[in-house]
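Please read the structure below before turning to the comments.
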2 protein chains.
Amino acid sequence: MSANIHVTLSALAEPKRLQIVELLREGPLTVGEIAEKLELLQPQTSKHLGVLNKAGLVEAEAQANKRIYKLCQQPFKDLDGWLASFGHIWEQRYDRLDEYLRKLQGKD
Amino acid sequence: MSANIHVTLSALAEPKRLQIVELLREGPLTVGEIAEKLELLQPQTSKHLGVLNKAGLVEAEAQANKRIYKLCQQPFKDLDGWLASFGHIWEQRYDRLDEYLRKLQGKD
DNA sequence: TTAAAATATTCCTTTACAAGAATATTCGTT
DNA sequence: AACGAATATTCTTGTAAAGGAATATTTTAA
(Lines give C-alpha, C1' and ligand atoms only; values in the text may rest on other atoms or scores of the structure.)
Protein backbone atom coordinates (compact mmCIF):
# COMPACT_ATOMS: atom_id res chain seq x y z
CA MET A 1 0.00 0.00 0.00
CA SER A 2 1.38 3.38 -0.94
CA ALA A 3 0.80 6.80 0.52
CA ASN A 4 -2.38 8.31 -0.79
CA ILE A 5 -2.53 11.08 -3.32
CA HIS A 6 -3.48 13.68 -0.78
CA VAL A 7 -0.33 13.15 1.25
CA THR A 8 1.79 13.50 -1.86
CA LEU A 9 0.01 16.60 -3.07
CA SER A 10 0.20 18.30 0.31
CA ALA A 11 3.92 17.69 0.55
CA LEU A 12 4.51 19.04 -2.94
CA ALA A 13 2.27 22.07 -2.52
CA GLU A 14 4.90 24.00 -0.63
CA PRO A 15 7.15 26.03 -2.98
CA LYS A 16 10.45 25.26 -1.31
CA ARG A 17 9.65 21.58 -1.13
CA LEU A 18 8.70 21.55 -4.76
CA GLN A 19 12.07 23.13 -5.52
CA ILE A 20 13.82 20.49 -3.47
CA VAL A 21 12.07 17.72 -5.33
CA GLU A 22 12.89 19.26 -8.68
CA LEU A 23 16.49 19.62 -7.63
CA LEU A 24 16.69 16.01 -6.54
CA ARG A 25 15.60 14.91 -9.99
CA GLU A 26 19.17 15.51 -11.05
CA GLY A 27 20.50 13.15 -8.45
CA PRO A 28 20.93 12.57 -4.70
CA LEU A 29 22.25 15.43 -2.62
CA THR A 30 23.21 16.15 0.95
CA VAL A 31 21.27 18.56 3.13
CA GLY A 32 24.05 21.11 2.89
CA GLU A 33 24.15 20.99 -0.87
CA ILE A 34 20.41 21.40 -1.13
CA ALA A 35 20.47 24.32 1.26
CA GLU A 36 23.26 25.97 -0.69
CA LYS A 37 21.76 25.49 -4.14
CA LEU A 38 18.35 26.73 -3.10
CA GLU A 39 19.68 29.41 -0.80
CA LEU A 40 17.87 28.04 2.20
CA LEU A 41 18.95 27.91 5.80
CA GLN A 42 19.94 24.49 7.03
CA PRO A 43 17.23 24.07 9.67
CA GLN A 44 14.37 24.75 7.27
CA THR A 45 16.00 22.53 4.71
CA SER A 46 16.07 19.70 7.22
CA LYS A 47 12.51 20.40 8.20
CA HIS A 48 11.27 20.36 4.63
CA LEU A 49 13.17 17.18 3.99
CA GLY A 50 11.55 15.76 7.08
CA VAL A 51 8.12 16.51 5.68
CA LEU A 52 9.03 15.03 2.32
CA ASN A 53 10.42 11.98 4.06
CA LYS A 54 7.33 11.50 6.16
CA ALA A 55 5.26 11.75 3.02
CA GLY A 56 7.37 9.04 1.46
CA LEU A 57 8.65 11.24 -1.33
CA VAL A 58 12.24 11.12 -0.23
CA GLU A 59 14.58 8.87 1.68
CA ALA A 60 17.93 9.41 3.31
CA GLU A 61 21.14 7.47 3.28
CA ALA A 62 23.57 8.17 6.11
CA GLN A 63 27.14 8.75 5.00
CA ALA A 64 29.43 9.80 7.83
CA ASN A 65 27.85 12.84 9.40
CA LYS A 66 26.14 13.69 6.16
CA ARG A 67 22.81 12.52 4.90
CA ILE A 68 22.24 11.91 1.28
CA TYR A 69 18.67 12.45 0.21
CA LYS A 70 17.13 11.02 -2.90
CA LEU A 71 13.70 10.73 -4.41
CA CYS A 72 11.44 7.74 -3.96
CA GLN A 73 9.69 6.78 -7.11
CA GLN A 74 6.51 5.15 -5.85
CA PRO A 75 4.56 8.30 -4.94
CA PHE A 76 5.31 9.80 -8.31
CA LYS A 77 4.16 6.67 -10.02
CA ASP A 78 1.02 6.73 -7.91
CA LEU A 79 0.39 10.33 -8.83
CA ASP A 80 0.94 9.44 -12.43
CA GLY A 81 -1.54 6.63 -12.07
CA TRP A 82 -4.03 8.96 -10.51
CA LEU A 83 -3.69 11.37 -13.41
CA ALA A 84 -4.16 8.49 -15.79
CA SER A 85 -7.64 8.09 -14.36
CA PHE A 86 -8.43 11.42 -15.96
CA GLY A 87 -6.83 10.61 -19.26
CA HIS A 88 -9.62 8.65 -20.83
CA ILE A 89 -12.00 11.45 -20.03
CA TRP A 90 -10.43 14.02 -22.29
CA GLU A 91 -10.85 11.94 -25.37
CA GLN A 92 -14.55 11.65 -24.74
CA ARG A 93 -16.87 14.56 -25.29
CA TYR A 94 -16.54 15.45 -21.62
CA ASP A 95 -16.77 19.13 -22.36
CA ARG A 96 -19.97 18.83 -24.31
CA LEU A 97 -22.77 19.73 -22.02
CA ASP A 98 -25.56 18.35 -24.17
CA GLU A 99 -25.95 15.15 -22.27
CA TYR A 100 -25.77 16.84 -18.93
CA LEU A 101 -28.30 19.46 -19.87
CA ARG A 102 -30.70 16.77 -20.98
CA LYS A 103 -30.22 15.00 -17.68
CA LEU A 104 -30.81 18.26 -15.87
CA GLN A 105 -34.02 18.85 -17.78
CA GLY A 106 -35.24 15.42 -16.90
CA LYS A 107 -35.05 16.18 -13.23
CA ASP A 108 -37.18 19.32 -13.36
CA MET B 1 1.10 29.78 -21.07
CA SER B 2 -0.54 27.58 -18.51
CA ALA B 3 -0.74 27.91 -14.76
CA ASN B 4 2.38 26.62 -13.15
CA ILE B 5 2.64 23.36 -11.32
CA HIS B 6 2.69 25.00 -7.93
CA VAL B 7 -0.69 26.61 -8.43
CA THR B 8 -2.18 23.31 -9.48
CA LEU B 9 -0.66 21.40 -6.59
CA SER B 10 -1.76 23.96 -4.04
CA ALA B 11 -5.31 23.85 -5.24
CA LEU B 12 -5.39 20.05 -5.17
CA ALA B 13 -3.72 19.77 -1.78
CA GLU B 14 -6.93 20.51 0.06
CA PRO B 15 -8.92 17.32 0.78
CA LYS B 16 -12.34 18.68 -0.06
CA ARG B 17 -11.10 20.18 -3.29
CA LEU B 18 -9.45 16.92 -4.23
CA GLN B 19 -12.79 15.24 -3.64
CA ILE B 20 -14.51 17.76 -5.82
CA VAL B 21 -12.05 17.21 -8.63
CA GLU B 22 -12.40 13.46 -8.37
CA LEU B 23 -16.14 13.79 -8.43
CA LEU B 24 -16.05 15.98 -11.50
CA ARG B 25 -14.14 13.27 -13.36
CA GLU B 26 -17.46 11.58 -13.83
CA GLY B 27 -18.94 14.60 -15.50
CA PRO B 28 -20.04 18.23 -15.01
CA LEU B 29 -22.15 19.03 -11.97
CA THR B 30 -23.89 21.98 -10.40
CA VAL B 31 -22.79 23.48 -7.11
CA GLY B 32 -25.78 22.02 -5.36
CA GLU B 33 -25.12 18.55 -6.63
CA ILE B 34 -21.49 18.69 -5.59
CA ALA B 35 -22.44 19.94 -2.16
CA GLU B 36 -25.00 17.18 -1.77
CA LYS B 37 -22.80 14.34 -2.95
CA LEU B 38 -19.86 15.38 -0.80
CA GLU B 39 -21.98 16.44 2.14
CA LEU B 40 -20.63 19.96 2.13
CA LEU B 41 -22.39 23.21 2.90
CA GLN B 42 -23.14 25.33 -0.11
CA PRO B 43 -20.96 28.32 0.82
CA GLN B 44 -17.80 26.29 1.30
CA THR B 45 -18.55 24.39 -1.87
CA SER B 46 -18.73 27.65 -3.77
CA LYS B 47 -15.58 28.86 -2.10
CA HIS B 48 -13.65 25.72 -2.99
CA LEU B 49 -14.91 25.91 -6.52
CA GLY B 50 -13.75 29.50 -6.60
CA VAL B 51 -10.25 28.44 -5.65
CA LEU B 52 -10.27 25.67 -8.22
CA ASN B 53 -11.52 28.09 -10.81
CA LYS B 54 -8.88 30.66 -10.01
CA ALA B 55 -6.27 27.94 -10.31
CA GLY B 56 -7.63 27.09 -13.72
CA LEU B 57 -8.63 23.57 -12.78
CA VAL B 58 -12.32 24.13 -13.27
CA GLU B 59 -14.63 26.32 -15.27
CA ALA B 60 -18.31 27.19 -14.94
CA GLU B 61 -21.14 27.35 -17.39
CA ALA B 62 -24.17 29.37 -16.39
CA GLN B 63 -27.47 27.61 -16.88
CA ALA B 64 -30.47 29.53 -15.51
CA ASN B 65 -29.66 30.25 -11.90
CA LYS B 66 -27.47 27.19 -11.73
CA ARG B 67 -23.82 26.93 -12.54
CA ILE B 68 -22.42 23.83 -14.08
CA TYR B 69 -18.83 23.17 -13.18
CA LYS B 70 -16.50 20.96 -15.15
CA LEU B 71 -12.83 20.14 -15.21
CA CYS B 72 -10.30 21.89 -17.40
CA GLN B 73 -7.85 19.51 -18.89
CA GLN B 74 -4.79 21.68 -19.41
CA PRO B 75 -3.53 21.78 -15.81
CA PHE B 76 -3.80 18.02 -15.57
CA LYS B 77 -1.88 17.64 -18.78
CA ASP B 78 0.73 20.02 -17.46
CA LEU B 79 1.00 18.05 -14.26
CA ASP B 80 1.32 14.91 -16.29
CA GLY B 81 4.06 16.54 -18.31
CA TRP B 82 5.84 17.57 -15.16
CA LEU B 83 5.71 14.02 -13.87
CA ALA B 84 7.07 12.83 -17.17
CA SER B 85 10.22 14.79 -16.43
CA PHE B 86 10.83 12.28 -13.65
CA GLY B 87 10.09 9.27 -15.73
CA HIS B 88 13.38 8.85 -17.46
CA ILE B 89 15.11 8.99 -14.10
CA TRP B 90 13.69 5.79 -12.72
CA GLU B 91 15.03 3.69 -15.52
CA GLN B 92 18.55 4.92 -14.87
CA ARG B 93 20.55 3.82 -11.89
CA TYR B 94 19.29 6.85 -9.99
CA ASP B 95 19.13 4.94 -6.76
CA ARG B 96 22.67 3.68 -6.98
CA LEU B 97 24.78 5.91 -4.84
CA ASP B 98 28.12 4.75 -6.18
CA GLU B 99 28.61 7.62 -8.50
CA TYR B 100 27.51 10.15 -5.98
CA LEU B 101 29.76 8.75 -3.30
CA ARG B 102 32.70 8.96 -5.64
CA LYS B 103 31.84 12.55 -6.38
CA LEU B 104 31.58 13.24 -2.70
CA GLN B 105 34.96 11.69 -2.03
CA GLY B 106 36.54 13.79 -4.72
CA LYS B 107 35.52 16.94 -2.92
CA ASP B 108 37.19 16.04 0.35
C1' DT C 1 -42.33 43.71 -8.76
C1' DT C 2 -42.27 40.32 -5.56
C1' DA C 3 -40.91 35.76 -4.19
C1' DA C 4 -38.10 31.77 -4.19
C1' DA C 5 -34.21 28.94 -5.63
C1' DA C 6 -29.33 28.63 -6.56
C1' DT C 7 -25.07 30.53 -5.93
C1' DA C 8 -21.61 33.92 -4.38
C1' DT C 9 -19.55 36.87 -0.90
C1' DT C 10 -18.37 38.84 3.49
C1' DC C 11 -16.97 38.73 8.21
C1' DC C 12 -15.26 36.40 12.04
C1' DT C 13 -12.84 32.85 14.42
C1' DT C 14 -9.75 29.17 14.59
C1' DT C 15 -6.22 26.32 13.13
C1' DA C 16 -2.19 24.63 10.48
C1' DC C 17 2.14 25.54 9.20
C1' DA C 18 6.39 27.93 7.66
C1' DA C 19 10.15 31.02 9.14
C1' DG C 20 13.57 32.39 12.52
C1' DA C 21 16.58 31.67 16.26
C1' DA C 22 18.59 28.87 19.45
C1' DT C 23 19.96 24.45 20.88
C1' DA C 24 20.56 19.40 20.65
C1' DT C 25 22.39 15.38 18.37
C1' DT C 26 25.50 12.57 15.72
C1' DC C 27 29.74 11.30 13.65
C1' DG C 28 34.59 11.44 12.39
C1' DT C 29 39.03 13.27 13.57
C1' DT C 30 42.72 14.58 16.48
C1' DA D 1 37.71 12.58 25.66
C1' DA D 2 37.16 16.85 23.12
C1' DC D 3 36.26 19.43 19.25
C1' DG D 4 34.19 20.71 14.85
C1' DA D 5 31.20 19.76 10.95
C1' DA D 6 26.75 18.28 9.38
C1' DT D 7 22.18 17.62 10.51
C1' DA D 8 18.03 17.44 13.45
C1' DT D 9 14.88 19.36 16.86
C1' DT D 10 12.49 22.61 19.77
C1' DC D 11 10.17 26.87 20.75
C1' DT D 12 8.06 30.92 19.49
C1' DT D 13 5.74 33.91 16.43
C1' DG D 14 3.40 35.46 12.29
C1' DT D 15 0.36 34.50 8.61
C1' DA D 16 -2.53 32.26 5.21
C1' DA D 17 -6.41 29.77 4.73
C1' DA D 18 -10.50 26.81 6.00
C1' DG D 19 -14.96 26.57 8.43
C1' DG D 20 -19.35 28.67 10.16
C1' DA D 21 -22.96 31.92 9.96
C1' DA D 22 -25.13 35.51 7.92
C1' DT D 23 -26.08 38.14 3.95
C1' DA D 24 -25.80 39.62 -0.90
C1' DT D 25 -26.52 38.55 -5.76
C1' DT D 26 -28.59 36.54 -9.71
C1' DT D 27 -32.13 34.29 -12.24
C1' DT D 28 -36.66 32.45 -13.18
C1' DA D 29 -41.43 32.33 -12.47
C1' DA D 30 -45.73 34.07 -10.88
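The figures here come from the full heavy-atom set of this structure, side chains too, leaving out hydrogens, waters and symmetry mates. By convention in this document, chain letters (A, B, ...) are assigned in the order of the sequence lines, proteins followed by strands, and residues within each chain are numbered from 1.
- Residues passing the side-chain hydrogen bond (donor to acceptor under 3.5 Å, both in side chains) test with Thr45(B): none are found, sequence neighbours excluded.
- At a cut-off of 3.5 Å, with distance as the only test, no side-chain donor of Arg67(B) or Thr30(B) sits close to an acceptor on the other residue.
- Classification of the Trp82(A)-Phe76(B) ring pair by plane angle, with boundaries at 30° and 60°, yields tilted.
- Taking the side chain as every heavy atom from C-beta outward, Leu71(A) and Arg25(A) approach each other to under 4.5 Å.
- Here Arg17(B) pairs with His48(B) under the side-chain hydrogen bond (donor to acceptor under 3.5 Å, both in side chains) rule; sequence neighbours left out.
- Residues forming a side-chain contact (heavy atoms from CB on, under 4.5 Å) with Asp80(B) (at least two apart in sequence, or on another chain): Asp80(A), Leu83(A).
- Residues satisfying the side-chain contact (heavy atoms from CB on, under 4.5 Å) test with Gln42(A), not counting sequence neighbours, are Val31(A), Ser46(A).
- The footprint of chain B on DNA chain C, defined by a heavy-atom cutoff below 4.0 Å, extends from dA5(C) to dT10(C).
- Checked against side-chain hydrogen bond (donor to acceptor under 3.5 Å, both in side chains), Glu36(B) has no partners two or more places apart in sequence or in another chain.
- Atom P of nucleotide dT27(D) and atom CZ of Arg67(B) are separated by 8 Å, given to the nearest angstrom.
- Distance Asn65(B) CG to dT27(D) C1': 5 Å, rounded to the nearest Å.
- Applying the side-chain contact (heavy atoms from CB on, under 4.5 Å) criterion to Leu41(B), with sequence neighbours excluded, gives Pro43(B), Gln44(B).
- For Lys54(B), the side-chain contact (heavy atoms from CB on, under 4.5 Å) criterion is met by no residue, not counting sequence neighbours.
- A heavy atom lying under 4.0 Å from DNA chain D marks the following residues of residues 39-47 of chain A, by number: Gln42(A), Pro43(A), Ser46(A), Lys47(A).
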Could you write out each protein N or O paired with an N or O of nucleotides 16-18 of chain D at a distance under 3.5 Å?
{"unit_1": "dA18(D)", "atom_1": "OP1", "unit_2": "Arg17(B)", "atom_2": "NH2", "d": "3.0"}
{"unit_1": "dA18(D)", "atom_1": "OP2", "unit_2": "Arg17(B)", "atom_2": "NH1", "d": "3.4"}

